[in-house]
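Atoms considered below: every heavy atom in the structure, side chains included; atoms not considered: hydrogens, waters and symmetry mates. Chain identifiers are assigned alphabetically (A, B, ...) following the order of the sequence lines, protein sequences preceding nucleic acid strands; residue numbering begins at 1 within each chain.
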There are 2 protein chains.
Amino acid sequence: MTHFDEPKVPTGREAIDPSDEARAMTEIMLTVFRINGRLLEKGDALVRTLGIASAQWQVLGAVSLSGKPLSAPQIAAAMGITRQGVQKQLNRMTKKGLFEKRPNPRHERSNLYWPTPEGQRIYSEAMRRETLWAQQLAEGLPGPEIQGALDFLKKFHRRLEAPLPEEGE
Amino acid sequence: MTHFDEPKVPTGREAIDPSDEARAMTEIMLTVFRINGRLLEKGDALVRTLGIASAQWQVLGAVSLSGKPLSAPQIAAAMGITRQGVQKQLNRMTKKGLFEKRPNPRHERSNLYWPTPEGQRIYSEAMRRETLWAQQLAEGLPGPEIQGALDFLKKFHRRLEAPLPEEGE
DNA sequence: TCCAACTTGACAACCAGTTTCCATTTTTGC
DNA sequence: GCAAAAATGGAAACTGGTTGTCAAGTTGGA
């Protein structure tokens, strides 16, 4: 399938026969992509009737969990995305009345953000629905199996920090 | 942290105490998001010197693995994204000389696409690098552990098809 | 203290994908 | 064999994110 016209003399660039482990690892990557897509889709559906998308839910979560007003760059750091991306959401949600700006004692131009009562209400309800959903997804699965998968995924995530394999580029 | 002002009388909308399993399941979701981000980042880096991004690598893969020229909607179906998204990539890659259009015997306006020799070369090299990478990621992990994780993820993916928990919306 | 380095907000361009709409082609069911 | 339905390409507007640039605010070290 994947072999078009293979070179006839060794080039050091031949296709490599992957081990079973490497093959399974590749399948894990593909499955993660698929799960990610489905999680986003379902997550959006879960909060759609609250008038937010999951990106906004995430921003609400980052601030709420910190327990205190945060600046855009602080939220970005907590979420692992860029400050510009967060700023876009904050502007939109502030306009919608979900966040309020608070003066930042440590910076003249840089506001802090805290959810309005309406923002808090929406976030609480989103979390309530999420818990119900997680409960449903876990139903009937043995605790140790779930925990084992989580452990593996964390290990996998850590391994993904490693630099890519060397090439004689 | 997450408790702002709880209502004093039962509303049927109180926060729910998640089970340990639900908590772990939630953590799995968050970890999947993080892994997904890291995979995209690393995947892009892996093929960057080939002049493509991983989105284009994926399109090359969908066609190559099918073994025959495909139309844009067919590729989209194989990849699980919309035909418009695929079309954008195909247009770009055709302009770059990575795909060539073939007449579609079954449709006058709808072309089929097949990688040019250059497109094939780039895809083979991308796959070679991916195999090396997967090999590295699997290194030292017991085969059964990897296989177990894959099995869990597939099961999880299947469970994500289920409709969201009912609400008395 | 003052200057350089860093942080921040605002803005623009871009990427990868989506939805929506339109015109055309193809398929189908009667 | 024809009309209606479905598939297709193309374009535009939108989303959620990115990178890059600029100007202004803040911080830290000689």
Side-chain angles (χ1 to χ4, degrees), chain A residues 33-34 36-45 47-48 50-62 69-96 98-99 101-113, chain B residues 33-45 47-48 51-62 69-96 98-99 101-113:
Chain A
F33 288 142
R34 293 191 200 106
N36 185 75
R38 212 161 267 187
L39 282 177
L40 289 179
E41 184 187 316
K42 292 283 180 173
D44 275 343
V47 296
R48 185 164 304 140
L50 296 174
I52 59 172
S54 38
Q56 310 192 346
W57 171 15
Q58 264 183 278
V59 177
L60 278 169
L70 297 181
S71 69
Q74 287 173 322
I75 300 171
M79 292 177 62
I81 68 176
T82 60
R83 65 195 172 79
Q84 290 90 333
V86 168
Q87 192 68 57
K88 273 191 191 177
Q89 294 297 347
L90 283 174
N91 292 343
R92 226 173 304 183
M93 295 172 84
T94 302
K95 196 173 297 175
K96 277 209 298 183
L98 267 34
F99 273 102
K101 294 186 189 185
R102 302 253 179 116
N104 185 344
R106 307 177 51 78
H107 197 296
E108 189 169 293
R109 267 194 328 164
S110 176
N111 291 118
L112 299 182
Y113 292 86
Chain B
F33 288 142
R34 293 191 198 106
I35 291 175
N36 185 76
R38 214 164 264 185
L39 282 176
L40 289 179
E41 183 187 318
K42 292 284 180 173
D44 276 342
V47 295
R48 186 164 302 142
I52 58 172
S54 36
Q56 310 192 347
W57 171 14
Q58 263 184 278
V59 177
L60 278 169
L70 297 181
S71 68
Q74 286 173 322
I75 300 171
M79 291 176 63
I81 66 176
T82 61
R83 66 194 172 78
Q84 291 88 335
V86 168
Q87 192 68 55
K88 274 192 190 177
Q89 293 297 347
L90 283 173
N91 292 344
R92 225 174 304 185
M93 295 172 83
T94 303
K95 196 173 296 175
K96 278 209 297 185
L98 265 34
F99 272 102
K101 293 184 187 186
R102 301 254 179 114
N104 186 345
R106 307 176 51 80
H107 198 294
E108 189 171 292
R109 269 194 325 165
S110 175
N111 292 117
L112 299 182
Y113 293 87

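The closest side-chain heavy-atom distance from B:Phe99 to B:Val59 is below 4.5 Å. Considering only heavy atoms from C-beta on, B:Tyr113 comes within 4.5 Å of B:Gln87 through its side chain. Two residues are said to be in side-chain contact when any heavy atoms from C-beta on lie closer than 4.5 Å; A:Leu98 and A:Ile52 meet this criterion. With contacts defined as side-chain heavy-atom distances shorter than 4.5 Å, the pair A:Val47/A:Gln56 does not qualify.
Taking CD1 of B:Ile75 as the start and CD of B:Gln58 as the end, the distance is 12.0 Å to the nearest 0.5 Å. Residue B:Arg92 holds its CZ atom at 11.5 Å from OG1 of B:Thr94, rounded to the nearest 0.5 Å.
Atom CG of B:Asp44 is separated from atom P of D:dT18 by 13 Å (rounded to the nearest Å). Distance CZ (B:Arg48) to C1' (D:dT18): 12 Å, rounded to an integer number of Å. D:dG17 atom P lies 18 Å from atom CZ of B:Arg38, rounded to whole Å. If you take CG of B:Leu40 and C1' of C:dC15, they are 12 Å apart, rounded to a whole angstrom. For the pair B:Glu41 CD and C:dA16 P, the interatomic distance rounds to 15 Å; values are reported in whole Å.
Sorted by residue number, the list of members of residues 53-60 of chain B with any non-hydrogen atom under 4.0 Å from DNA chain D is empty. DNA chain C lies under 4.0 Å from at least one heavy atom of each of the following residues of residues 74-92 of chain B: B:Ile81, B:Thr82, B:Gln84, B:Gly85, B:Lys88, B:Gln89, B:Arg92.
At least one donor-acceptor pair under 3.5 Å links the side chain of B:Lys96 to the backbone N or O of B:Gly51. Without hydrogens or angle criteria, A:Asp44 side chain to A:Ala53 main chain gives no donor-acceptor distance under 3.5 Å.
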